[in-house]
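What follows is one structure encoded as structure tokens, with my remarks underneath.
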Amino acid sequence: MALRASLGTKPGLTGLLSQLSCSAHAAARMSPALVAQRRSSSTSQKVKVDFDQSTGVAVMHMQSPPVNSLSLEFLTDVCIALEKLEMDKSCRGLVVTSSQPKVFSAGLDILDMYGKSPEHCAEFWKAVQEMWLKFYGSDMITIAAVNGSSPAGGCLLSMTCDYRIMADNPRYSIGLNETKLGIVAPFWFKDTMVNTVGHRTTEMALQLGLLYSPAEALKIGLVDQLVREDQVLTTATETMTKWLAIPDHARQLTKSMMRKPTIDKLTSNREADVNNFVKFITKDSIQKSLGMYLEMLKRRKA
Ligand code: CO8
């Protein structure tokens with residue numbers, strides 16, 4: 001406890017075992033003036049974070065136009081923002097949402113995997129791993145406010161969260177559609193989906209590269225709740241209140257118990273996973289598939 005106080009950081013899931021007595025409640029009774037002072041906002045070009053210290057809840061707005069595709073630069077900004085929040089002991093919950101119309105995130109930036117050097121691909125993949133490790137292993141309560149389409153890496157990002165609320169708009173879709181691009185979701189994408197919707201559903205979803213409508217996603221448990229589009233963020237904030245009522249140490253230990261084996265599988269194989277990715281993605285046949293997919297995206301627009 002003393003260590004946590006002096007460093008001003010969260011204890012970390014492993015450190016929690018020895019710190020079961022730590023305080024679980026950040027919300028203090030404050031005057032309105034003090035409450036106003038305790039709202040802070042930090043912005044990189046692509047990530048805006050609003051943190052309300054009176055509730056201990058931050059909202060991360062992804063604002064990387066046009067479609068929040070997860071480029072190396074964007075992933076780096078997201079990881080830095082997340083790291084800062086994780087280090088702040090007063091931040092207990094995080095809502096992740098999109099500032100872009102109609103899209104939560106278009107997944108990994110294909111341009112970071114197409115026509116790039118092996119060195120660049122390796123750098124990029126390390127950043128993808130880092131994002132997943134940080135979100136999936138976060139001590140904070142994480143809620144995805146999915147206010148638009150969320151294919152592939154976008155779906156992965158939302159699945160790393162503890163709870164998913166999606167806009168009930170049949171034009172939106174969510175899922176791991178990698179096979180449709182001629183690429184293969186790596187084992188930790190697969191594991192995250194298995195942990196979310198179960199083995200059989202994942203097996204079909206991954207092989208067929210299925211993108212689900214919000215109603216279908218709710219049915220298979222890929223998202224937890226559908227609400228009207230203009231209510232996604234407010235519902236996320238309301239839902240957060242319920243999660244905040246649980247003592248942090250108990251919830252965090254439970255989260256760790258559920259997720260640690262999946263996380264350990266990647267952390268003990270990170271380098272091999274990077275090498276596999278680079279070897280796979282730089283193959284001529286895979287590059288050709290990605291090129292065709294990019295063409296298809298452009299044609300569809302025309
Ligand atoms: N990466 C790069 N650029 C993209 C991406 C992307 N993922 N998605 C869209 N764009 C580009 C489009 O090409 C278009 O560019 P331009 O304006 O230059 O023509 C621009 O963004 C806007 O796109 P749209 O006009 O299509 O926007 P819409 O609002 O109509 O549609 C969608 C938004 C639904 C998100 C649509 O863009 C879409 O379906 N995008 C593709 C999504 C996708 O399939 N992503 C998969 C990425 S791969 C991944 O995340 C996991 C890879 C795991 C690798 C494993 C290897 C071993």
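Counting begins at 1 with the first residue of the sequence. Whatever order the structure lists ligands and atoms in, that order sets their numbers, starting from 1. The basis for the numbers below is simple: all heavy atoms, side chains too, and nothing from hydrogens, waters or symmetry mates.
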Considering residues, nucleotides and ligands other than D264, do more than 12 of their heavy atoms fall under 6.0 Å from its CG? yes

Using a 6.0 Å cut-off, check whether atom CE of M296 has over 12 heavy atoms from anything other than its own residue. yes

Tested for side-chain hydrogen bond (donor to acceptor under 3.5 Å, both in side chains) against D109, the lone hit among S69, S64, S71 is S69

What atoms of ligand 1 come closer than 4.0 angstrom to any heavy atom of [X]?
X: V184; answer: 55 (C), 56 (C), 57 (C)
X: G107; answer: 50 (O)
X: P66; answer: 20 (C), 21 (O), 22 (C)
X: P151; answer: 42 (C)
X: K298; answer: 16 (P), 18 (O), 19 (O)
X: G153; answer: 49 (C), 50 (O)
X: Y293; answer: 41 (C), 43 (C), 44 (O)
X: L181; answer: 44 (O), 46 (C), 48 (S)

For [atom], find the nearest protein heavy atom and state the residue, atom name and distance (0.1 Å precision).
atom: atom 50 (O) of ligand 1; answer: L108 N, 2.7 Å
atom: atom 25 (O) of ligand 1; answer: K301 CD, 3.4 Å
atom: atom 35 (C) of ligand 1; answer: A106 CB, 3.6 Å
atom: atom 40 (N) of ligand 1; answer: L297 CD2, 3.8 Å
atom: atom 11 (C) of ligand 1; answer: V67 CG2, 4.4 Å

Quick one: sort the F277 and W125 rings into parallel, tilted or perpendicular, breaks at 30° and 60°. parallel

Which option wins on minimum heavy-atom distance to [atom]: [options]?
atom: atom 2 (C) of ligand 1; options: L157, L211, D109; answer: D109
atom: atom 36 (C) of ligand 1; options: E178, E295, K102, R300; answer: R300
atom: atom 49 (C) of ligand 1; options: A152, G148, A185; answer: A152
atom: atom 34 (C) of ligand 1; options: G209, P101, S149; answer: S149

M193 and V197, any side-chain heavy atoms less than 4.5 Å apart: yes

Given side chains that start at C-beta, do those of P65 and Q100 come closer than 4.5 Å, heavy atoms only? yes

Does the side chain of S138 come under 3.5 Å of the side chain of E86 through a donor N or O and an acceptor N or O? yes

With no hydrogens and no angle check, do the side chains of S105 and N68 hold a donor and an acceptor under 3.5 Å apart? no

So does E83 pair up with K134, basic N to acidic O under 4.0 Å? yes

I110 N/O to ligand 1 N/O under 3.5 Å: yes

Main chain of [Y], side chain of [X]: is a donor-acceptor contact present, judged purely on distance under 3.5 Å?
X: R164; Y: S158; value: yes
X: K48; Y: S99; value: no
X: Q252; Y: D139; value: yes

Side chain or backbone of V103 under 4.0 Å from ligand 1, or both, or neither, by non-hydrogen atoms? side chain

Short version for I183: what comes under 4.0 Å of ligand 1, heavy atoms counted, is side chain

